Amino acid sequence: MAEFAFRLAERIESSPLFQEALADLQQQSLIPLVGGQSSLETARAARLSEAAIALARSTEPRHQGLAQDIAYSLVACHADSRLRGVWRHILAETGNFPAGDYVSDRPLIEQELPWTLKVREAARRDQNTVSVLGREIVFTDFQADVWSQLHGHQFVNVSAPTSAGKSFLVQTYLLDELANTQTTRNIVYLVPSRSLIFEVQASLTHALKPLADKVVVSSVPQVHDDLHAGKSLVFVLTQERLQTILNESTIEFDVVIVDEAQQIGDADRGILLLGCLEDALARHPESKMLFITPSSKDARTIAPLLGATAVQTVRSTVRPVRQNLLFVTCSGRKPSRMISVQLHRQDQEKLNVGSVLTERSIAKDDRLVTTALELGKDGQSIVYAWAPSSADKAASDLADGLPELENFVDSPLEKLSSFVAEHIHPEFKLAQVLRKGVGVHYGRLPTTISKAVEEYFDDGHIKYLVCTSTLLQGVNLPARNIFLKNPKKGKKGPLEANEFWNLAGRAGRLKRDTHGNVFLVDYEDWDSQPVSDQQTTDVEPSICDALGTKQELVLIYAQDLHHKSGVKKEALAESVFTRLFLDARDGTIDQTIERALARYPTVSASALKDAVMAAQDRVSLPTSLLRRNNLISPLRQQELYDHFTDCASEKILSGMILVHPRSKYPDAKTRLAAALRAIHTHLEGKLTNEEAYYGWFALAWMRGDSLRSLIENRVEWELGKAKLDEFEPEKIGSLARTVMEQVETKLRYHYVKYLRCYMDILTHKLGEIGRSEEAEMPPIPLFLELGASERTLVSAMGLGISRIAALEVSKFLQKDKDAGFIRQELKTKWFWRRELSPFVVRELERLGLLD
């Protein structure tokens, strides 16, 4: 039967009459984009529906995807509504039940279908239905397959398009796992960036709400005996935070979920991620591991690095919504400026959709914004920008092209604009463009603001959203339209093909849209041509890449006994050298090299191994200490240790011990600046006086100074330096972006890493000379990452509350309170919710902290 269905689908697909009808359907479904009105004959709609049913019964993903696209296109054309039951059935045949229910939500028994089709559809639905806590959930075929594999295998690799329902599936799986166990479980959900932590924590908190009395969802890498006792723990962490909790506790994880697992190929952070997975598996060899990647990447390469002999891969290439790749070209002169649109068709000529006339500029630098304004009128649109500065510029240009909003005063947009002005700066571009229904989204934005922007976009208040590459890291921002013009990923150059398809996958929202549109502006002029490169590629872990194709760089670094630390272009070499150095001490260096070079059988690493072995005698620090700081060269760590040894002999070591940020100001600042100077000189190996600025900046951040006050201080300093009375708004916006970037990259990442290492080595030295009682220093790295040091603030953020929200909530709480007290206080009816910003209240609700 399967063979017959396949052969029939092949005959249909190759039929010239079918191809003619399909082209007409595609054009008619898209013609509203250029101002036309869809028109499709009822007879043609019926014939296409019949063809789609036959295509859907083939097991070939290409045929199923085509059947799904036909059903969606028929819906978009508003064809004969009596056929909606048929279109629903087509989607059900492909296993896409959520889409089918969107097309027609009438009960199956009421659908206008032959009884044989109803029986078939009911059987398919029943096959994909599971019961979780008494609730019946209908999965897609892909989800049902993953569900089965998760319950039967230790290592599972899931590769599927964006919006395939991976997050929902994982949440349901965790709910089922935690509900059906009599013992407490420890689970970690790894995300690639801090900007994703709150989103995932909030969604997991909501999903696990039925088990709220049994489960704690946390994003802070600490195990609190009082808060967590007797409960299952679900941590949402980056690999940096996972390393912290592994260093500071003996916790064992029953389940490890790695979202966007292709990030294991990201230089030093990829090496860190691999090390954390190895550590978690060494502690608990039965730990179940799930690797999640977009459909363009296959993560089966990760498991062998962990010593696993088998990994179960579940892949889907069928996108849950129809996604149209549309080539956009501009031509003509005023008054005949024209924007033309063509549909990409795999292995076929482009299909002309139509053209629109525009009075707007079509100069090369203006085409992205002009196209978005002219073609993005239907539904909500994302405009991609390569950097925060270009995002602000594009948002400003979009706002300039839009009319004033009616009833802006007292509207949700005015409330958000005022909130941004209050917490960042009145001249910050986001605060301005919100007045026209335009938003900006990039990773440096404070969590409360970025989540508010996402929700406003999801609710329809924001029509145009300008985004950077945060979209590539799993931020959930689907839209009807996405506009791209020669897209780049920061300063790294053009998007790779897998990144392009990951981004394109944001177009269209399951159960909201029949399709999504990806507009490719001036595609012929792009630096790369990703549309023609759709093949799935294996994830290349950075350690494999380093020892395979980039070994020479690592060898040069290893042979240079005076190499530096923290140099961006040497980050991969430093992390791999450190990893091999530690493995050499443990006697596992040969195993590591063998596993990493499994895909490069002709490559030898003997010279690199010799260089690593030659460096062993130069480092006396214990392996356990070096392993805690495994992204920093052991030679640089030894350099700092030797410096402490010299200071101990000179009796000045006491002045290098860090004190609480809220201690007396001169002493706290002086000691922090001295620590940063030692880090720059001995750990990093560079000459600089940056400690003068970052000593003050880090201290103000840890003391809880607001982001706006930090920005205003920077503006005042720059004004004095330039001997001016005021700056243009664009300059203030640039300074605001600079301060936010320094917070994210320097304070919350760079100095967190190096201060942790500094304190570890100093503690070790103090212990050696019999002064262990002086080594009890406050957790400065934690304070620096959180941007808080007062106990109530730290405790509030330990509950997952963002810094802005914690600062606002703490105004109504007593000082020096723990997380348990705060949780209880937030639940009380007398808590001053009316005094809080609605955005803070919404955040607390998402975290399940308010009744």
Side-chain angles (χ1 to χ4, degrees), residues 154-156 185-192 218-223 233-261 263-292 299 301-309 311 539 541-544 546 572 574-596 621-634 637 752-753 756-757 760 781-782 785:
Q154 182 179 6
F155 296 93
V156 178
R185 307 289 296 278
N186 295 323
I187 297 167
V188 61
Y189 192 117
L190 286 172
V191 295
S218 175
S219 58
V220 176
Q222 292 180 327
V223 179
L233 306 180
V234 179
F235 287 98
V236 181
L237 308 171
T238 58
Q239 51 261 54
E240 289 81 11
R241 293 191 183 188
L242 176 58
Q243 182 188 38
T244 297
I245 199 170
L246 290 171
N247 284 342
E248 306 298 334
S249 73
T250 58
I251 190 170
E252 297 180 358
F253 290 107
D254 300 284
V255 180
V256 178
I257 299 164
V258 187
D259 201 4
E260 303 292 333
Q263 306 288 333
I264 202 169
D266 287 355
D268 56 331
R269 297 192 73 227
I271 301 295
L272 176 59
L273 174 55
L274 175 61
C276 288
L277 296 178
E278 289 173 320
D279 193 357
L281 200 58
R283 293 188 183 192
H284 188 53
E286 290 77 34
S287 177
K288 185 184 295 290
M289 292 194 170
L290 170 62
F291 308 111
I292 305 173
T301 53
I302 299 177
L305 292 175
L306 303 174
T309 56
V311 56
V539 170
S542 54
I543 194 167
C544 301
L572 178 60
E574 181 178 8
S575 60
V576 173
F577 169 73
T578 304
R579 167 64 190 262
L580 295 178
F581 186 98
L582 294 170
D583 288 345
R585 282 200 171 180
D586 291 340
T588 59
I589 186 171
D590 290 330
Q591 174 183 280
T592 298
I593 292 174
E594 180 182 354
R595 288 178 177 177
L621 288 169
T623 303
S624 59
L625 189 151
L626 296 173
R627 194 174 296 283
R628 287 172 56 88
N629 303 284
N630 56 4
L631 294 183
I632 301 174
S633 167
Q637 294 189 52
V752 165
K753 177 173 73 172
R756 180 181 293 116
C757 182
D760 283 347
L782 175 64
E785 183 174 0

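On a predicted model such as this, the values are computed, not experimentally measured, just so you know.
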Q: Measure the spacing between CG of Leu621 and CG of Leu626 and express it to the nearest 0.5 Å.
A: 5.5 Å

**Q.** Euclidean distance, Leu582 CG relative to Thr588 OG1, rounded to 0.5 Å
**A.** 9.0 Å

Q.
Keeping Asp259 on the side-chain end and Val191 on the backbone end, is there a donor-acceptor pair under 3.5 Å?
A. no

Q | Check: Glu252 main-chain N/O paired with Arg283 side-chain donor or acceptor under 3.5 Å | A | no

(Q) For a quick test of reading the model, state the closest non-hydrogen atom pair linking Phe253 to Ser287 and the distance between them. (A) O-OG, 3.1 Å

Q | Val255 and Leu290, any side-chain heavy atoms less than 4.5 Å apart | A | no

Q: For Thr301 and Leu305, work out which heavy atoms get closest and say how close.
A: O-CG, 3.9 Å

Q | Name of the residue among Val188, Ile245, Thr238, Asn247 meeting side-chain contact (heavy atoms from CB on, under 4.5 Å) with Pro221 | A | Ile245

(Q) Hydrogens and angles aside, do Gln263 and Arg269 bring a side-chain donor and acceptor to less than 3.5 Å of each other? (A) no

Q: Any chance you could measure Asn630, atom CG, to Phe581, atom CZ, to the nearest 0.5 Å?
A: 13.0 Å

**Q.** Val236 backbone acceptor or donor facing Ser219 side chain under 3.5 Å
**A.** no

**Q.** Distance-minimising heavy-atom pair for Gln243 and Arg628
**A.** NE2-O, 3.5 Å

Q | Value rounded to 0.5 Å, distance of CG in Asp266 from CG in Leu572 | A | 10.5 Å

Q: Would you give the length of the straight line joining atom CG of Asp268 to atom CD of Glu574, rounded to the nearest 0.5 angstrom?
A: 8.0 Å

(Q) Between Ile593 and Leu580, is the side chain to side chain contact (heavy atoms under 4.5 Å, CB included) condition met? List the steps. (A) CA-CA 8 Å; Ile593 292 174; Leu580 295 178; 4.1 Å; yes

Q: Verify, without hydrogens or angle tests, whether Asp254 (side chain) and Ile187 (backbone) share a donor-acceptor contact under 3.5 angstrom.
A: no

Q) Where is the tightest heavy-atom contact between Thr592 and Asp583, given as atom of each residue plus distance? A) OG1-OD2, 2.6 Å

Q | Passing option when Met289 is tested against Val311, Val258, Leu281, Ile302 for side-chain contact (heavy atoms from CB on, under 4.5 Å) | A | Leu281

Q) If you take all heavy atoms of Ile271 and Ser575, which pair is closest and at what distance? A) CG1-OG, 3.4 Å

Q) Partners of Ala584 by side-chain contact (heavy atoms from CB on, under 4.5 Å), sequence neighbours excluded? A) Ile589, Val612, Met613, Gln616

Q.
When you measure from the side chain of Gln154 to the backbone of Pro285, do you find a donor-acceptor pair of N or O atoms at a distance under 3.5 Å?
A. yes

**Q.** Value rounded to 0.5 Å, distance of CG in Leu631 from OG1 in Thr578
**A.** 7.5 Å

Q | Contact summary for Val220 and Phe235, nearest pair of heavy atoms | A | O-CE2, 3.5 Å

Q | Gln239 side-chain N/O to Cys276 backbone N/O, donor-acceptor pair under 3.5 Å | A | no

Q) Is Glu594 atom CD crowded by more than 12 heavy atoms from other residues, nucleotides or ligands, each under 6.0 Å away? A) no

Q) Between Phe291 and Val539, is any pair of side-chain heavy atoms under 4.5 Å apart? A) no

Q: Go through the structure and list residues passing side chain to side chain donor-acceptor pair (under 3.5 Å) with Ser249, not counting sequence neighbours.
A: none

**Q.** Side chain proximity check, Asp279 to Arg627, heavy atoms < 4.5 angstrom
**A.** no

Q | Stepwise side chain to side chain contact (heavy atoms under 4.5 Å, CB included) test for Leu273 and Ser542 | A | CA-CA 10 Å; Leu273 174 55; Ser542 54; over 6 Å; no

**Q.** From CA spacing to verdict: side chain to side chain contact (heavy atoms under 4.5 Å, CB included), Glu785, Glu240
**A.** CA-CA 11 Å; Glu785 183 174 0; Glu240 289 81 11; over 6 Å; no

(Q) Is there a salt bridge (charged side-chain N to carboxylate O under 4.0 Å, His left out) between Arg579 and Glu278? Walk through the geometry before answering. (A) CA-CA 12 Å; Arg579 167 64 190 262; Glu278 289 173 320; 2.9 Å; yes

